[in-house]
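This report refers to the structure that appears directly beneath it.
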Protein chains: 2
Amino acid sequence: MGSLTEENYIKSIYALSEATGEVYVSELAKKLDVKLPSVNSMVKRLATKKLVAYAPYKGIKLTEKGKKEALAIIRKHRLAELFLVKVMGLGWEEVHDIAEQLEHVNSSRFYERIDELLNSPKFDPHGEPIPDSNGKIHTQKRTSLIDLAEGLTATITAVTEDEKSFLDHLNAKGLQIGDAVTIKKRELFDGSITLQHKSKKEILLTHQVAERIWVEMTVTRS
Amino acid sequence: MGSLTEENYIKSIYALSEATGEVYVSELAKKLDVKLPSVNSMVKRLATKKLVAYAPYKGIKLTEKGKKEALAIIRKHRLAELFLVKVMGLGWEEVHDIAEQLEHVNSSRFYERIDELLNSPKFDPHGEPIPDSNGKIHTQKRTSLIDLAEGLTATITAVTEDEKSFLDHLNAKGLQIGDAVTIKKRELFDGSITLQHKSKKEILLTHQVAERIWVEMTVTRS
DNA sequence: ATAAAATGTTAGATGCCTCTAATATTTTAA
DNA sequence: TTAAAATATTAGAGGCATCTAACATTTTAT
Ligand SMILES: [Mn+2]
Ligand SMILES: [Mn+2]
Ligand SMILES: [Mn+2]
Ligand SMILES: [Mn+2]
């Protein structure tokens, strides 16, 4: 295992490569909030350790070894988040920051027990899939709320952010994973969406918020 | 809060000062398994930060600020250990190493919840007192097994080590905190002790082991 | 009072991780 | 095809935490 810093680089490279394919040194610098030369030298170190392959102007790519390490850290992060919610009773909006620390705990026993206590869970509290202990991850195809036509009903399965401010916002709106929602109105002007919620309340979401919410279409029978 | 390294220095200084009064740079070096000059420069840094007062050849002393920080870390360590045993179902012999990592987690929510779930516990799984959130700690006067006369009965309240090998040894002997034991025989030659245990078995302990076990005299009525 | 033992310091270096300032290369767009 | 934009590198430095090698001071025991 590498240092804490190294682990955070690997994790960020993985996340960015999922989102955008290539990862540029400059992107990584922005994500990690460090300056370019810092990233440059770390990427060299990671390349020496065969954790990444790097070609300037072409981007950084994790090697198999790097990918495996990334998935191990993500597994620990997500297991920790779910544990904090299910076993310790914390809110889904407050677990990410703690998991950022717990993901670096080096103890197979600790994570074995968490996995057992949660009965080998498949999803974290934000609907993100938890890689299994071999690093296998089930990526689902996802539909965003903004891609749903008026009148359709769907179930919220995940959100793409675990930043506290975003989750606080959803809490305030009364939205949770598992909730069924119907698209009442889509505004052409600003992309905002009005939902009909099980609570009978109508909920207005801006485009910015709605696009971060993933849903699964509710099966409709004739 | 300081760095992880700094926290470990503070904690070790506290532990050594409990055991021996003064703490010499050389002692600390041995305990932390680093060389003298490393300790020398760190102690200077800690002194700059007003965490310790240091006089060469006289020893290192924690300031009030340093003591407060030490107790906060010890509190987190011991809460974590008990949590790992009581909530997560790990054995008392395997929790110390994990707690060494968890004690550095920076999250008041995390430790608040642990404290609540455990109902503000007073002792860790090895019988060590848990400082309260203000750093107040209840130090008990302790009697070692080796100071008990033949024929007396006492209850095991704590052990002075949480090293795995020592606890594995006690597990193998079938001894736990809370067990009542009677001194059957004390050997003059090597200081070893034979116990009568609730399990009806007789247990032989070397001096080295017995001196690390604390007991409370069982009240005897006439 | 002196020598021995215990305790501590300085100098100089290294690895990790970061920075600013200056410069370089590659890609893309006019 | 050249200029602009995007991307990246080098040089030189600093803080933290560690080391080895050499040297220094204080305490203690004789
Ligand atoms: Mn998270
Ligand atoms: Mn999550
Ligand atoms: Mn411990
Ligand atoms: Mn303990």
Side-chain angles (χ1 to χ4, degrees), chain A residues 1-17 19-62 66 69-70 73 100-101 103-104 106, chain B residues 1-17 19-62 66 69-70 73 100-101 103-104 106:
Chain A
M1 213 154 330
S3 67
L4 186 147
T5 311
E6 214 176 278
E7 292 191 350
N8 284 333
Y9 271 82
I10 293 292
K11 193 170 54 125
S12 290
I13 293 168
Y14 182 90
L16 288 174
S17 71
T20 71
E22 287 93 41
V23 181
Y24 296 108
V25 171
S26 44
E27 273 183 288
L28 194 48
K30 199 192 280 180
K31 169 120 177 167
L32 289 166
D33 197 28
V34 294
K35 302 300 178 189
L36 268 177
S38 308
V39 175
N40 188 260
S41 51
M42 179 56 102
V43 167
K44 282 179 190 168
R45 272 201 292 277
L46 295 175
T48 305
K49 295 190 177 184
K50 306 283 186 200
L51 289 164
V52 305
Y54 176 50
Y57 308 95
K58 300 298 178 191
I60 308 161
K61 285 192 66 167
L62 289 176
E69 191 169 317
I73 301 164
E100 285 288 315
Q101 300 180 61
E103 74 191 8
H104 303 291
N106 177 12
Chain B
M1 214 155 329
S3 66
L4 187 147
T5 310
E6 214 177 279
E7 291 192 351
N8 284 333
Y9 271 82
I10 293 293
K11 193 170 54 127
S12 290
I13 294 167
Y14 183 90
L16 288 174
S17 72
T20 70
E22 286 93 42
V23 182
Y24 296 108
V25 171
S26 45
E27 271 185 288
L28 194 47
K30 198 191 284 181
K31 169 121 178 168
L32 289 165
D33 198 27
V34 293
K35 303 299 178 189
L36 267 177
S38 308
V39 175
N40 188 260
S41 51
M42 179 56 101
V43 167
K44 282 179 189 169
R45 272 202 291 278
L46 295 175
T48 306
K49 296 190 178 185
K50 306 284 186 198
L51 288 163
V52 305
Y54 176 50
Y57 308 96
K58 299 299 178 189
I60 307 162
K61 285 191 66 167
L62 289 176
E69 190 168 316
I73 302 164
E100 285 289 315
Q101 300 181 61
E103 75 191 8
H104 302 291
N106 177 13

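Naming convention: chains lettered A, B, ... in sequence-line order (proteins, then strands); numbering from 1 in each chain. Note that the coordinates shown come from a computational prediction; the quantities given were computed from them, not determined experimentally.
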Identify every side-chain donor-acceptor pair in residues 20-37 of chain A under 3.5 Å, counting partners at least two apart or on other chains, and give the distances.
unit_1	atom_1	unit_2	atom_2	d
A:Thr20	OG1	A:Leu16	O	3.0
A:Thr20	OG1	A:Glu22	O	2.8
A:Glu27	OE1	A:Tyr24	N	2.8

### Message
Using whole Å, what does the distance between atom C1' of nucleotide C:dT20 and atom CG of A:Leu36 come to?
### Response
12 Å
### Message
Check this one for me: any side-chain N or O of B:Lys35 less than 4.0 Å away from OP1 or OP2 of D:dA22?
### Response
no
### Query
Does the side chain of A:Thr5 reach to within under 4.5 Å of the side chain of A:Met42, using non-hydrogen atoms?
yes
### Task
Only counting residues at least two apart or in another chain, list the ones meeting side chain to side chain donor-acceptor pair (under 3.5 Å) with B:Glu7.
B:His104
### Residues within residues 23-33 of chain B bordering DNA chain C, heavy-atom distance below 4.0 Å
B:Tyr24, B:Val25, B:Ser26
### Task
Please tell me if the side chains of B:Lys44 and B:Val39 come closer than 4.5 Å, counting only heavy atoms from C-beta onward.
no
### Query
What is the distance from NZ of B:Lys44 to C1' of D:dT18, rounded to the nearest Å?
15 Å
### Query
When the distance from CG of A:Leu46 to P of C:dC17 is rounded to whole Å, what number comes out?
9 Å
## Note on the structure
Contacts of A:Glu69 meeting side chain to side chain donor-acceptor pair (under 3.5 Å) (sequence neighbours excluded), chain-then-number -> none
### Message
Expressed as a whole number of angstroms, how long is the span from B:Glu22:CD to C:dG8:P?
### Response
11 Å
### Query
Quick one: is A:Tyr54 getting a side-chain N or O under 4.0 Å of the D:dT7 phosphate, OP1 or OP2?
no
## Note on the structure
Whole-Å distance, B:Glu6 CD to D:dT18 P, equals 11 Å
### Message
Do B:Leu46 and B:Ile13 make a side-chain contact, defined as non-hydrogen atoms from C-beta onward lying under 4.5 Å apart?
### Response
yes
### Task
Could you encode protein contacts along nucleotides 25-30 of chain C as a string, one character per nucleotide from 5' to 3', using B for base contact, S for sugar-phosphate-only contact and - for no contact, with a heavy-atom cut-off of under 4.0 Å?
BSS---
### Query
Nearest 0.5 Å, what's the CD-CD1 distance between A:Glu100 and A:Ile73?
10.5 Å
### Task
Any pair with a residue in residues 46-57 of chain A that passes side chain to side chain donor-acceptor pair (under 3.5 Å), sequence neighbours left out, goes on the list, sorted by first then second residue, please.
A:Glu6-A:Lys49
### Summary
Residues passing the side chain to side chain contact (heavy atoms under 4.5 Å, CB included) test with A:Ser41, sequence neighbours excluded, are none
### 4.5 Å side-chain heavy-atom contact, B:Leu51 and B:Leu62
no
### Query
Just by protein heavy atoms under 4.0 Å, how would nucleotides 11-16 of chain D read 5' to 3' in B, S and -?
-----S
### Query
Where do B:Tyr14 and B:Ala70 come nearest, in terms of heavy atoms and distance?
CB-CB, 3.7 Å
